Amino acid sequence: MSVMKPVRTRFAPSPTGYLHVGGIRTALFAWLLAKQAEGKFVLRFEDTDQKREVQGARQHLMNSLRALGLDYDEGPDIGGPFAPYTQSERLDTYKKWAQKIVDSGRAYADPYTPAQVQAFREKAQAAKQPFLYRNHRPDNPPSWDGSQPLRFKSDPKNYQWHDEVMGDLNTGPEVIDDFVLIKSDGFPTYNFAHIVDDNEMEISHIIRGQEFVASVPNYLNLYEALEIEPPTMATVPHIMGAEGNKKLSKRDGAKDVLDYIRDGFLPEALVNFIASLGWNDGTEQEVFSRQELISKFSLSRVGRSGAHFDERRLLWMNGSYIRELALDDLYNQVANYWPDESQAYDDAYKKQVLGLVQERLKFFAELSELTIFFFKDLPIKPELISGHKQLKKLPQDELKSLLEQSKTALEASDFSAQDLTERLNQLLEATSQKPAILFSLIRIATTQAAASPSLADSLAVIGKERSLARLNDQLANL
RNA sequence: GGCCUCAUCGUCUAACGGCUAGGACACCAGGUUUUCAUCCUGGCAAUCGGAGUUCGAUUCUCCGUGAGGUCACCA
């Protein structure tokens, strides 16, 4: 058998927009494969359609990969042994290969106008037949001068091949056609350029979405004509939106992965979540570190059916990663997510607050609304009481009486968490009230929030003077 | 319409042809010195349909049905 070639994988997006979780998955799988084999992960821009280029997309794609920790070893901005890594800068290479295939008699100039080809296509569609250009292949095409499309002269036949994910596939000659290699604007098509580049860049594994699987027989035909050994191929199913069974797309509100990063989703959690969409190691393990993913990932355990993207599961997973972080580490990471009012407070105070909310934080951008009352006196919100399922049943003077008693009890406290806990419990007995009523009332008065961390802990952090002032304020507004 | 692929709880998924189809998210209930959350316990919930092979089928075969992809001078 042949000697094992070094593993070189690639992610080859066209710079037409941002990367969402569906798009990043093929990049992640390629990256995992390369890391696992101590090979190389390559980024290549496929910008052969100038019309579709979106300003800023290149930088955005590179930022997205780096933000997730999917660093590439070779790429447009860092170069490498096969530079350049941008297809629009590699036209000479495609020209060389195009000439080679013309010389071998396996490509020809397309003499038709776009309108004529379109007419052929419509005729086939009207007859409910698949469109095959080769049914109209000219007998004596003009010599290719670069102004016409250059078409592959295909050799239709049966193919069977192995796909690392889909298994053994086979097709008949009816799917092979004369596709365009070089467009009339001089740029290669994806179909031609990626084959040339993967070969030149010594790519060992191609991982891509299932929209390409129907084209593989055509690629195999071209590999033969070019006398290139095809790389290992893996076709991963699409990730679908939460609603319906369509491929996840920006129209479904598929978010930019950088938006998730900006909202305070941890790269580790995102990577874990995305990998688990379609892959698992066969055990009941749900949470995998990056290192575990690298060592345990295998294409053969990637599922063949599409998976829906369920953000609730991502939320859970991110929360579980946040809870595992050391407080100091978390503190450093959330620096930009505090409410504005927190600027007046020191690190020690903010760290105390963070310690209280860590276990309930699902993503960093929630921090502000979860902690605002530790920093700012909020206006009274009557709806917190009128909307409370138990408090709303109590008459006004009883609420007032409970708050007065609470105030008296808290005035006597030194406001350590321990002392507060004791006094609150005594108050519970003295008033013979249910905790759900008494503590909710105190919570609402002191935080103007429906939920907070443990009451005693929260009061201890807010402090005596401020807590009592808020109680008074609530009393004055009952 | 041709060709290709797929099909297990609502969702992500596990199950050499062999216990009662397992786990996780979500949801519901109870518990954890009290809310929300965390944590713990319990609950709800699935093999698309029909034949066939077999002692035995989620698993293998065939036929349906449903879903997705593809049939561009886009990738």
Side-chain angles (χ1 to χ4, degrees), chain A residues 12-14 16 46-49 51-52 110 114 117-118 121 124-133 148-151 163 166-167 169-172 174-175 177 179-185 187-191 193-194 208-217 235 237-238 240 242 244-247 273 276-287 303-317 319-320 323 356-362 370 388 390 421-422 424-425 428 433-444 447 449-456 458:
Chain A
S14 59
T16 53
E46 310 220 319
D47 60 341
T48 55
D49 186 354
K51 298 183 295 295
R52 297 210 312 155
D110 178 349
V117 176
Q118 181 60 22
R121 188 183 348 267
Q125 280 170 353
K128 293 196 182 291
Q129 295 295 313
F131 170 63
L132 282 173
Y133 180 95
Q148 322 97 322
L150 181 69
R151 281 194 186 259
D163 184 288
M166 303 302 277
L169 301 171
N170 55 78
T171 53
E174 69 280 354
V175 301
D177 197 15
F179 57 92
V180 172
L181 303 174
I182 304 283
K183 298 181 272 186
S184 57
D185 64 6
F187 282 83
T189 58
Y190 163 84
N191 298 138
H194 91 272
R208 57 187 155 198
Q210 65 167 266
E211 66 268 30
F212 291 106
V213 75
S215 303
V216 168
T235 301
H238 287 143
M240 298 176 290
N245 292 314
K246 294 282 190 194
K247 173 185 170 185
F273 174 76
S276 70
L277 239 39
W279 175 87
N280 74 86
D281 72 342
T283 71
E284 291 184 350
Q285 187 171 348
E286 307 280 343
V287 177
R304 298 181 191 174
S305 59
H308 292 85
F309 171 69
D310 184 359
E311 201 173 49
R312 288 175 303 184
R313 194 175 160 83
L314 172 59
L315 242 26
W316 161 75
M317 187 165 278
S320 85
R323 288 192 293 277
L356 292 184
V357 299
Q358 177 171 11
E359 66 184 24
R360 69 196 56 215
L361 201 56
K362 295 270 196 267
L370 250 33
H388 189 104
Q390 308 198 58
T421 302
E422 283 173 24
L424 286 170
N425 283 334
L428 217 45
Q433 268 299 352
K434 287 188 289 189
I437 289 181
L438 183 65
F439 293 158
S440 291
L441 183 60
I442 299 174
R443 179 189 318 283
I444 288 168
T447 65
S452 78
S454 151
L455 184 56
S458 298

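In this text the structure is predicted, and so the values were computed from the model without any measurement. Proteins come first, then strands; the chains are lettered A, B, ... in the order of their sequence lines, and each starts at number 1.
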Geometric cation-pi criterion, A/Arg151 with A/Tyr133: 6.0 Å, 45°: yes

Euclidean distance, atom CG of residue A/Asp310 to atom C1' of B/rC27 [Å, nearest integer]: 12 Å

Taking 4.0 Å as the cut-off, does a side-chain nitrogen or oxygen of A/Thr283 come that near to OP1 or OP2 on B/rG23? no

When you get a sec, tell me which of B/rU5, B/rC73, B/rA24 is the closest nucleotide to the side chain of A/Trp316? B/rA24

If I pick the C1' atom on B/rA67 and the same atom on B/rG49, what distance separates them, to the nearest angstrom? 15 Å

From B/rU35, B/rA75, B/rU33, pick the nucleotide closest to the side chain of A/Ala451? B/rU35

Has A/Arg313 got a side-chain N or O lying under 4.0 Å from the OP1 or OP2 atom of B/rU13? no

side-chain contact (heavy atoms from CB on, under 4.5 Å) evaluation trace for A/Gln129 with A/Phe131: CA-CA 6 Å; A/Gln129 295 295 313; A/Phe131 170 63; over 6 Å; no

OP1, OP2 of B/rA14 versus side-chain N and O of A/Asn280: anything below 4.0 Å? yes

So what does A/Ser454 hit on the nucleic acid, given a heavy-atom distance under 4.0 Å: a base, only sugar-phosphate, or nothing? base

A/Phe187 CZ to B/rC73 P, straight-line distance once rounded to whole Å: 17 Å

Under 4.0 Å, counting only non-hydrogen atoms across every strand here, what does A/Phe212 touch: a base, just sugar-phosphate, or nothing? base

Any donor-acceptor pair under 3.5 Å linking the side chain of A/Thr189 with the backbone of A/Val180? yes

Is the distance from OP1 or OP2 of B/rC71 to the nearest side-chain N or O of A/Lys128 less than 4.0 Å? no

How would you label the contact of A/Ile444 with the nucleic acid (heavy atoms, under 4.0 Å): base, sugar-phosphate, or nothing? nothing

Without decimals, in angstroms, what is the distance between A/Phe273 CZ and B/rU11 P? 14 Å

Any heavy-atom pair between the side chains of A/Pro149 and A/Lys183 that's under 4.5 Å? no

Using the C1' atom as the point on both nucleotides, what is the distance between B/rC12 and B/rU70, in whole Å? 27 Å

Can you measure A/Met317 atom CE to B/rU11 atom P for me and round it to whole angstrom units? 18 Å

Return the pairing partner of B/rA46 with a 3.5 Å limit on both distances, Watson-Crick or G-U wobble; otherwise return none. none

For B/rC12, does OP1 or OP2 lie under 4.0 Å from any side-chain N or O of A/His308? yes

Looking only at side-chain N and O atoms, does A/Arg312 come under 4.0 Å of OP1 or OP2 in B/rU11? no

Quiz question: going by heavy-atom distance under 3.5 Å, is there a donor-acceptor pair between the base of B/rA75 and the side chain of A/Arg52? no

Sticking with atom P, work out how far B/rC25 lies from B/rU41, rounded to a whole angstrom. 11 Å

As a test of reading the structure: which of B/rA75, B/rU13, B/rC6 is closest to the side chain of A/Ala307, going by heavy atoms? B/rU13

Taking CG from A/Leu314 and C1' from B/rU11, how many angstroms apart are they, rounded to a whole number? 13 Å

At under 4.0 Å between heavy atoms, what does A/Asp49 touch on the DNA or RNA strands: base, sugar-phosphate, or nothing? sugar-phosphate

With a 4.0 Å cut-off, would you call A/Arg52 and A/Glu46 a salt bridge? no

What I want to check is whether an N or O donor and acceptor connect the side chain of A/Ser184 with the base of B/rC73 at under 3.5 Å. yes

Just by modelled atom types, is the A/Phe273 backbone N or O under 3.5 Å from a matching donor or acceptor in the A/Ser276 side chain? yes

Is there a donor on the side chain of A/Arg443 or the base of B/rU35 sitting less than 3.5 Å from an acceptor on the other? yes

When we call it a touch if two heavy atoms are under 4.0 Å apart, what does A/Glu286 touch: a base, just sugar-phosphate, or nothing? base

Side chain of A/Lys362 only, please: which of B/rU38, B/rC3, B/rA75 is the nearest? B/rU38

Test of ring centre spacing under 6.0 Å for A/Phe179 and A/Tyr190: no

Within the structure shown, what part of the strands sits under 4.0 Å from A/Asn170 by heavy-atom distance: base, sugar-phosphate, or nothing? sugar-phosphate

Distance alone, cut at 3.5 Å: any donor-acceptor contact between the side chains of A/His308 and A/Arg313? no

Using the P atom in both, what is the distance from B/rU58 to B/rC48, to the nearest Å? 10 Å

Starting at NZ of A/Lys51 and ending at P of B/rA72, how long is that distance when rounded to a whole Å? 16 Å

I'd like the C1' distance from B/rC6 over to B/rC40, given in whole Å. 39 Å

Counting any heavy atom closer than 4.0 Å, what does A/Gly172 reach on the DNA or RNA strands: base, sugar-phosphate only, or nothing? nothing

Counting side-chain heavy atoms from CB outward, which of B/rC73, B/rA75, B/rC39 is closest to A/Arg323? B/rC39

Using a cut-off of 4.0 Å on non-hydrogen atoms, how would the nucleic acid contact of A/Glu174 be classed: base, sugar-phosphate, or nothing? sugar-phosphate

Mind checking A/His194 for me? I need base, sugar-phosphate or nothing, with any heavy atom below 4.0 Å counting as a touch. nothing

How long is the line joining CG of A/Leu181 and P of B/rA75, in whole Å? 12 Å

B/rU35 phosphate, OP1 or OP2: any side-chain N/O from A/Lys434 under 4.0 angstrom? no

When all nucleic acid strands are considered with a 4.0 Å heavy-atom cut-off, which category describes A/Pro453: base, sugar-phosphate, or nothing? base

Just to confirm, is there a sub-4.0 Å distance from OP1 or OP2 of B/rU70 to any side-chain nitrogen or oxygen of A/Lys247? no

When you check the phosphate oxygens OP1 and OP2 of B/rC73, does a side-chain N or O of A/Arg121 lie under 4.0 Å from one of them? yes

Euclidean distance for C1', B/rG66 against B/rC28 (whole angstrom): 31 Å

Looking at CZ of A/Phe212 and NE2 of A/His194, how far apart are the two atoms once the value is rounded to the nearest 0.5 Å? 8.0 Å

The nucleotide from B/rA75, B/rU38, B/rC3 with an atom nearest the side chain of A/Val175 is B/rC3

Atom pair distance, as rounded to whole Å: CD in A/Gln210 and C1' in B/rA7: 13 Å

From the set B/rC71, B/rG69, B/rC73, return the single nucleotide nearest to any side-chain atom of A/Phe131. B/rC71

So which nucleotide from B/rG69, B/rA7, B/rU33 ends up closest to the side chain of A/Asn425? B/rU33

pair_partner(B/rA67), Watson-Crick or wobble, both distances < 3.5 Å, evaluates to B/rU5

When you measure from the side chain of A/His238, which nucleotide among B/rA75, B/rG68, B/rU35 comes out closest? B/rG68

With a 4.0 Å limit, can you tell me whether A/Arg304 has a side-chain N or O closer than that to the phosphate oxygens OP1/OP2 of B/rU5? no

Do A/Thr16 and A/Asp49 come within less than 4.5 Å of each other through their side chains, counting heavy atoms only? no

Tell which nucleotide pairs with B/rA51, taking only Watson-Crick or G-U wobble pairs whose two distances are both under 3.5 angstrom. B/rU61

Complementary nucleotide for B/rU11 - Watson-Crick or wobble, under 3.5 Å: B/rA24

In whole angstrom, give me the gap between the C1' atoms of B/rA21 and B/rU47. 8 Å

